[in-house]
Amino acid sequence: MPVPVPRQRAIPAVECGQAPAASPDSGPSKEQAPPGTHPAEHPTGRREDPTEKREKPTDTSPETTIGIGPATDPGTGTGTGTGTGTDRTHGDRTHGGRTESAAPTNLTVLLIEDDPAGSPIVPDLLDQSGKPIRIRTARNLTEAGRLLTDDVHCILLDLALSAPAPARTGTGTGTDGGGHGNGGAEDDDELAVLRHVLELAPRHAVLALTSSSDAERGAEAVAVGAQDYLFRDELDGRLLSRAIRYAVERKRSDSAERRLAEGRLRAQENRRLERGLLPTPLLAGSPLRFAARYRPGRSRALLGGDFYDVVRTPDGTVHAMIGDVCGHGPDEAALGVELRIAWRALTLAGLCGDQLLGTLQQVLEHERSDDEIFATLCAVDISPDGRRAGLCLAGHPSPLLSRPGMPARLLPYDNNGPALGLLPGARWPRMQVELGAEWSLMLYTDGLIEGHVGGGRERLGQDGMVEMVRRQIAEGLTGEDLLRTTVNEVRELNGGELADDLAVVLLDRTA
């Protein structure tokens with residue numbers, strides 16, 4: 001049996017199959033206009049009551065929501081009792097127990113006011129394209145919570161709900177018409193219901209309805225978080241339709257601005273994190289000069305799959321390393337950081353050459369997300385006197401050595417071992433290289449040599465890179481200036497940003 005609701009109205013014959021009968025509380029039954037009769041042609045000449053709707057063919061759309069009677073409420077799953085709301089589509093309606101054909105709508109509005117079944121305060125509404133705006137009605141926050149689905153664009157909240165409710169005893173049922181939804185004691189905060197609605201629907205636009213004599217309260221509602229306020233007793237369809245559209249657009253704009261600000265904050269945090277993961281060379285006490293350039297292939301990122309590091313051990317040996325994880329996404333960047341940190345720890349622990357690379361391969365195999373992922377690496381250990389170096393290559397391009405009076409050249413590549421992660425139990429022989437008293441050693445990743453030259457498919461390659469660096473050294477460029485000019489020229493030859501990560505390390509020793 002349906003639970004009786006306050007202020008029941010007469011149920012027309014078209015709804016219940018009987019002649020209209022008045023409820024004990026509502027007085028005489030309301031006369032229905034004949035089907036198809038326009039309000040101006042009503043036999044009595046009176047203005048049509050908003051609670052009385054013209055008859056139309058029955059609509060079985062799942063959007064139908066019955067306000068009173070034993071019907072099914074799609075918002076709650078049940079239609080009995082007072083816990084159901086009303087879904088009215090102006091022009092095509094479902095209201096007061098009668099289902100009428102639904103027209104396509106662009107906007108759905110949830111009206112929260114204390115007596116939606118009595119005299120609705122919202123006039124007929126049309127959206128910007130002239131289609132009817134769907135109005136769902138709820139008499140308290142309990143109903144509002146059930147009717148607040150994802151397709152609701154705007155909430156109309158009658159601030160009269162925030163007024164102190166009549167004294168009540170007990171804990172209540174949560175379905176009272178006072179609008180608080182909990183039946184508890186009065187709240188001294190006149191905007192408590194608005195605050196509750198804003199908390200309940202943080203992503204929805206909210207319009208506050210108040211009386212023209214209480215403009216201050218409407219302004220306070222906007223300060224609390226509503227998009228706007230309107231005077232309840234001065235509403236007309238055009239004004240309200242425009243206000244709803246503006247409120248929805250303002251909410252979208254505010255949400256987009258908030259998301260943009262949050263995105264900027266996350267980007268700043270990511271940059272700080274990535275900057276903290278970039279290496280800080282440990283060269284205290286060494287006469288060698290250090291310079292580096294790093295450009296990730298990912299847009300707006302600081303880290304890529306390339307990695308490098310330089311440390312000086314207590315015996316005076318300077319160890320330098322540069323590597324490249326295949327790919328240049330965030331997973332590859334994370335793996336590159338892990339390999340760099342592992343290399344530094346192993347180097348400071350005294351490992352070198354084949355033993356160090358074999359241990360790095362084990363780290364790679366355990367940390368990589370896919371068995372196909374591998375990493376190339378070039379490791380150099382420079383003797384304390386700075387005249388000799390050991391070189392280990394794991395599928396990586398050979399470094400470029402430049403000395404005064406001699407053209408820059410690539411170091412030997414004959415004993416190059418496989419990339420890390422390709423062959424279990426692989427070996428990486430260590431080559432001895434004579435550097436001399438004064439020299440410059442450049443370590444780089446393949447991002448420096450795989451850029452295109454001009455608009456064709458030809459790549460710069462190692463030979464093109466060697467000729468470029470020779471020319472720049474002949475022009476007197478050294479250190480940071482040499483690296484900056486080299487990277488900029490590679491980008492210009494490529495016709496823009498490089499697709500791959502790029503890292504370059506330069507170590508200099510002067511007499």
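Excluded from the calculations below are hydrogen atoms, water molecules and symmetry mates; all remaining heavy atoms, backbone and side chain alike, are included. Residues: numbered from 1 along the sequence shown.
Of all the heavy atoms in A138 and A144, the pair that sits closest is CB-N, 3.5 Å. Shortest non-hydrogen contact noted between L200 and G145 is CD2-CA, 4.0 Å. Nearest heavy-atom pair across W343 and V310 is CZ3-N, 4.4 Å. Contact between A408 and S402 at its shortest, heavy atoms only, is CB-CB, 4.0 Å. Closest non-hydrogen pair, P399 versus C378, comes out as CG-SG, 3.6 Å. Here the shortest heavy-atom pairing between A426 and Q361 reads N-NE2, 4.3 Å.
Within a 6.0 Å radius of CD in E372, other residues, nucleotides and ligands contribute 12 heavy atoms or fewer. Taking a 6.0 Å sphere around CD of E199, one finds it holds 12 or fewer heavy atoms contributed by other residues, nucleotides or ligands. In this structure, Q432 places its CD atom where more than 12 heavy-atom neighbours from other residues, nucleotides or ligands lie under 6.0 Å away. Within 6.0 Å of atom OH in Y246, 12 or fewer heavy atoms from other residues, nucleotides or ligands are found, so the atom counts as exposed in its surroundings. Counted within 6.0 Å of CG on D315, heavy atoms from surrounding residues, nucleotides or ligands total more than 12; the atom is thus considered enclosed.
Side-chain contact between P429 and L393 is absent, with no heavy atoms from C-beta onward closer than 4.5 Å. Side-chain contact between L157 and E113 is absent, with no heavy-atom pair separated by less than 4.5 Å. The closest side-chain heavy-atom distance from L209 to L159 is not below 4.5 Å. With a 4.5 Å cut-off on side-chain heavy atoms, L303 and V337 count as touching. Considering only heavy atoms from C-beta on, M465 comes within 4.5 Å of M442 through its side chain. L364 is not listed as a side-chain neighbour of E338, based on a closest heavy-atom distance of 4.5 Å or more. Contact annotation: the side chain of C352 never approaches that of T347 to less than 4.5 Å [non-hydrogen atoms, C-beta and beyond]. Using a 4.5 Å heavy-atom cutoff, the side chains of L377 and I322 are not in contact.
Listed by first then second residue, pairs satisfying salt bridge (Lys or Arg N to Asp or Glu O under 4.0 Å) with a partner in residues 388-398 read D385-R388, not counting sequence neighbours. Listed by first then second residue, pairs satisfying salt bridge (Lys or Arg N to Asp or Glu O under 4.0 Å) with a partner in residues 389-414 number zero, not counting sequence neighbours. For the salt bridge (Lys or Arg N to Asp or Glu O under 4.0 Å) condition, the pairs that include at least one residue of residues 427-450, sequence neighbours left out, are D354-R427, D381-R430.
D228 meets the salt bridge (charged side-chain N to carboxylate O under 4.0 Å, His left out) test with R250; sequence neighbours excluded. Residues satisfying the side-chain hydrogen bond (donor to acceptor under 3.5 Å, both in side chains) criterion with R509, sequence neighbours excluded, are absent altogether. Under the ring pair (Phe, Tyr, Trp, His ring centres under 6.0 Å) criterion, Y294 pairs with no residue at all, not counting sequence neighbours. Scored by the side-chain hydrogen bond (donor to acceptor under 3.5 Å, both in side chains) test, E467 finds R470 as partners (sequence neighbours excluded). Every residue was checked against the salt bridge (charged side-chain N to carboxylate O under 4.0 Å, His left out) condition with R459, not counting sequence neighbours, and none meets it. Residues that satisfy the salt bridge (charged side-chain N to carboxylate O under 4.0 Å, His left out) test with E249, not counting sequence neighbours, are R252. Looking at residues two or more places apart in sequence or on another chain, you find a salt bridge (charged side-chain N to carboxylate O under 4.0 Å, His left out) between E489 and R471.
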Which pairs would a plain distance check flag for residues 480-487, meaning a side-chain donor or acceptor within less than 3.5 Å of a matching protein atom at least two apart in sequence or in another chain?
residue, atom, partner, partner atom, Å
D481, OD1, R484, NH2, 2.4
T485, OG1, D481, O, 2.9
T486, OG1, Q472, OE1, 2.5
T486, OG1, L482, O, 2.7

Identify each donor-acceptor pair in which a side-chain atom of residues 493-508 lies under 3.5 Å from a protein atom, sequence neighbours left out, and give them as a table.
residue, atom, partner, partner atom, Å
N494, OD1, H452, N, 2.8
N494, ND2, G496, O, 3.4
N494, ND2, E497, O, 3.2
E497, OE1, R295, NH2, 3.1
E497, OE2, R295, NH2, 2.8
E497, OE2, R491, NE, 3.4
E497, OE2, R491, NH2, 3.0
D501, OD1, G297, N, 2.4
D501, OD2, G305, N, 2.6
D508, OD1, S440, OG, 2.6

Practice problem: Begin with the C-alpha distance, continue with both residues' side-chain angles, and end with the deciding distance and a verdict on side-chain contact (heavy atoms from CB on, under 4.5 Å) for L435 and I382. | Solution: CA-CA 9 Å; L435 300 177; I382 303 170; 4.2 Å; yes
Practice problem: Could you walk me through whether Y229 and E220 pass side-chain contact (heavy atoms from CB on, under 4.5 Å), step by step? | Solution: CA-CA 9 Å; Y229 72 94; E220 291 174 356; over 6 Å; no
Quiz item: Yes or no on side-chain contact (heavy atoms from CB on, under 4.5 Å) for E143 and I112, after CA distance, side-chain angles and deciding distance?
Solution: CA-CA 9 Å; E143 293 180 4; I112 308 176; over 6 Å; no
Self-check item: Stepwise side-chain contact (heavy atoms from CB on, under 4.5 Å) test for V224 and R195
Solution: CA-CA 7 Å; V224 168; R195 299 179 195 276; 3.9 Å; yes
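Salt bridge present: D151 and R136 bring a charged side-chain N and a carboxylate O closer than 4.0 Å.
With hydrogens and angles disregarded, no donor-acceptor distance shorter than 3.5 Å links the side chain of T317 to the backbone of T313. Put simply, the side chain of Y444 gets close to the backbone of S398: a donor and an acceptor are under 3.5 Å apart. Remark: side-chain polar atoms of H204 are not paired, donor with acceptor, to backbone N or O of P202 under 3.5 angstrom. Side chain of E332 to main chain of G329: a donor-acceptor pair is present (N/O by atom type, distance under 3.5 Å, no hydrogens or angles).
A distance of 12.0 Å separates CD of E367 from CG of D331, quoted to the nearest 0.5 Å. Residue H319 holds its NE2 atom at 10.5 Å from CG of L351, rounded to the nearest 0.5 Å. Atom CG of residue D309 and atom CZ of residue R344 lie 4.0 Å apart, to the nearest 0.5 angstrom. Between the CG atom of D306 and the CG atom of D324 there is a distance of 4.0 Å, given to the nearest 0.5 Å. Rounding to the nearest 0.5 angstrom, the gap separating the CD1 atom in I155 from the CD atom in Q227 is 9.5 Å. Going from atom CH2 of W428 over to atom CG of N416 covers 11.0 Å, rounded to the nearest 0.5 Å.
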